[in-house]
Student: 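First the structure, which I've put down as structure tokens, then a few questions once you've had a look.
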Amino acid sequence: MRLDTATAGCGAGNAAACVAQYGKEAASVAAVATVVNGALDRPKLDQGTRDAIERALVECAEFARSQVLLRHAADFENGRPTATECNQPAKNPRRKGLNWAMQLGIEMHEEARECAEERLGKVVPGRFSLEQRYRYDSDTKQKKPVSAEDEKALEESGNGGELAGSLKPDVVIHMGDLLAIQAIYDFKFRCENDRDPPSWTQYQSGQSYHGKSQGEMYEQAFGEIPIAMITPRWGVIR
């Protein structure tokens, strides 16, 4: 298993180094991330911290939806989009070809991201990442973080296809190390109907994980950690 420099010193017999690194978060050597038989053994989130994280994210999702719908109230006949309006071309779209469902989704995610950065910065400072992309090898089960700079460079150079098969959760909770992951969350926003809960996005024909859902791939790649959707009205959906 390849480890980056942040975890390379956490092998057996070097627990003291891990304590030095994670001392602010860990009460004892046993609570620190260690490498056991080649796998990263991560302390689970305590229930109080997990509840605080999820409460903050749900409030951010509610805030994001309200802000965006209020911003666009004049664009819809009754102040909120109908199913028909959701499928119509958006006014002043971010990019060509977006309908209202896509445009509103982009804006709601942006609002939620900004809110989450502020709120999580108070709950788990230094222990979260937003829209962090990971390369994932489904054969070896290995993950490798992709920096925002590298991702941008690939896309701007026309080589974005190299990111095919990668995973990009909205919110990653970790121990200060991008591979010491403790929870994964994705914001989900419906356009016209929030009476029914959303579901995980399904990979389509031609995509790397055709036949699987986003949630299934998160479970496969990130293991037995809390993985959930965050959505207005419904809150946390596991």
Side-chain angles (χ1 to χ4, degrees), residues 56-120 129-134 146 148-172 184-210 212-215 217-218 228-237:
L57 293 179
V58 169
E59 290 173 359
C60 283
E62 298 280 4
F63 172 80
R65 179 173 174 81
S66 296
Q67 285 293 104
V68 172
L69 290 180
L70 182 62
R71 180 186 306 156
H72 289 287
D75 293 321
F76 305 112
E77 184 176 350
N78 295 314
R80 292 196 173 197
T82 63
T84 299
E85 288 172 320
C86 283
N87 289 316
Q88 293 174 346
K91 183 186 298 184
N92 301 318
R94 295 292 179 85
R95 59 179 183 270
K96 186 177 180 180
L98 294 185
N99 60 24
W100 272 115
M102 298 172 185
Q103 177 67 23
L104 295 176
I106 290 172
E107 293 186 32
M108 289 176 189
H109 271 85
E110 289 174 346
E111 291 283 352
R113 186 190 193 285
E114 184 176 342
C115 174
E117 187 157 18
E118 178 182 355
R119 295 291 301 274
L120 294 181
S129 295
L130 303 178
E131 299 178 357
Q132 172 61 54
R133 188 181 293 277
Y134 292 86
V146 178
E149 294 76 16
D150 286 347
E151 181 178 352
K152 182 179 180 180
L154 285 170
E155 291 175 344
E156 290 183 347
S157 65
N159 294 308
E162 293 184 21
L163 297 171
S166 60
L167 302 171
K168 190 176 182 179
D170 288 333
V171 180
V172 178
I184 294 287
Y185 299 100
D186 258 14
F187 289 112
K188 298 294 182 185
F189 298 100
R190 300 192 68 122
C191 182
E192 87 289 355
N193 177 17
D194 60 1
R195 294 188 299 274
D196 298 321
S199 57
W200 287 107
T201 301
Q202 296 288 323
Y203 289 97
Q204 302 301 309
S205 177
Q207 294 182 309
S208 298
Y209 307 119
H210 175 229
K212 293 184 177 293
S213 72
Q214 197 176 32
M217 289 312 303
Y218 285 166
M229 294 179 284
I230 303 293
T231 185
R233 185 171 182 176
W234 294 91
V236 182
I237 301 177

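We count residues from 1, following the sequence as given.
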Student: Near Arg113 CZ, under 6.0 Å, is it more than 12 heavy atoms from other residues, nucleotides or ligands?
Tutor: yes

Student: Please find the pair of heavy atoms, one from Arg133 and one from Lys168, that lie closest to each other, and give the distance.
Tutor: NH2-CD, 3.5 Å

Student: Which atoms form the tightest heavy-atom contact between Trp234 and Pro198, and what is the distance?
Tutor: CD1-CD, 4.4 Å

Student: When you measure from the side chain of Gln204 to the backbone N and O of His210, does any donor-acceptor pair fall under 3.5 Å?
Tutor: no

Student: Please report the closest heavy-atom contact between Met217 and Tyr203, naming both atoms and the distance.
Tutor: CG-CE1, 3.7 Å

Student: Is there a donor-acceptor pair closer than 3.5 Å between any side-chain N or O of Ser129 and the backbone N or O of Val172?
Tutor: no

Student: Can Glu151 and Glu131 be said to form a side chain to side chain contact (heavy atoms under 4.5 Å, CB included), step by step?
Tutor: CA-CA 11 Å; Glu151 181 178 352; Glu131 299 178 357; over 6 Å; no

Student: Sequence neighbours left out, what passes salt bridge (charged side-chain N to carboxylate O under 4.0 Å, His left out) with Asp170? Give chain and number order.
Tutor: none

Student: Does Asn159, at its CG atom, have more than 12 non-hydrogen atoms belonging to other residues, nucleotides or ligands within less than 6.0 Å?
Tutor: yes

Student: First locate atom CD of Glu117, then atom SG of Cys115, and finally report the distance between them rounded to the nearest 0.5 Å.
Tutor: 10.5 Å

Student: Please find the pair of heavy atoms, one from Lys188 and one from Thr231, that lie closest to each other, and give the distance.
Tutor: O-OG1, 2.9 Å

Student: Closest heavy-atom contact between Gln202 and Gln207?
Tutor: O-OE1, 4.2 Å

Student: Minimum heavy-atom separation for Leu57 and Phe187, please, with both atom names.
Tutor: O-CE2, 3.5 Å

Student: Just jot down the salt bridge (charged side-chain N to carboxylate O under 4.0 Å, His left out) partners of Glu162, sequence neighbours excluded, or say none.
Tutor: none

Student: Mind checking the CZ-CG spacing from Arg71 to Leu104? Nearest 0.5 Å is all I need.
Tutor: 9.5 Å

Student: Looking only at the side chains, is there a donor atom on one of Gln103 and His72 sitting less than 3.5 Å from an acceptor on the other?
Tutor: no

Student: Given side chain to side chain contact (heavy atoms under 4.5 Å, CB included), test Glu114 with Gln67 step by step and report yes or no.
Tutor: CA-CA 12 Å; Glu114 184 176 342; Gln67 285 293 104; over 6 Å; no

Student: Rounded to the nearest 0.5 Å, how far apart are CD of Glu192 and OG1 of Thr82?
Tutor: 8.0 Å

Student: Could you go step by step and tell me if Val171 and Leu120 meet the side chain to side chain contact (heavy atoms under 4.5 Å, CB included) rule?
Tutor: CA-CA 10 Å; Val171 180; Leu120 294 181; 3.8 Å; yes

Student: Just do the side chain to side chain contact (heavy atoms under 4.5 Å, CB included) check on Val236 and Ile230 with the steps written out, would you?
Tutor: CA-CA 5 Å; Val236 182; Ile230 303 293; 3.8 Å; yes

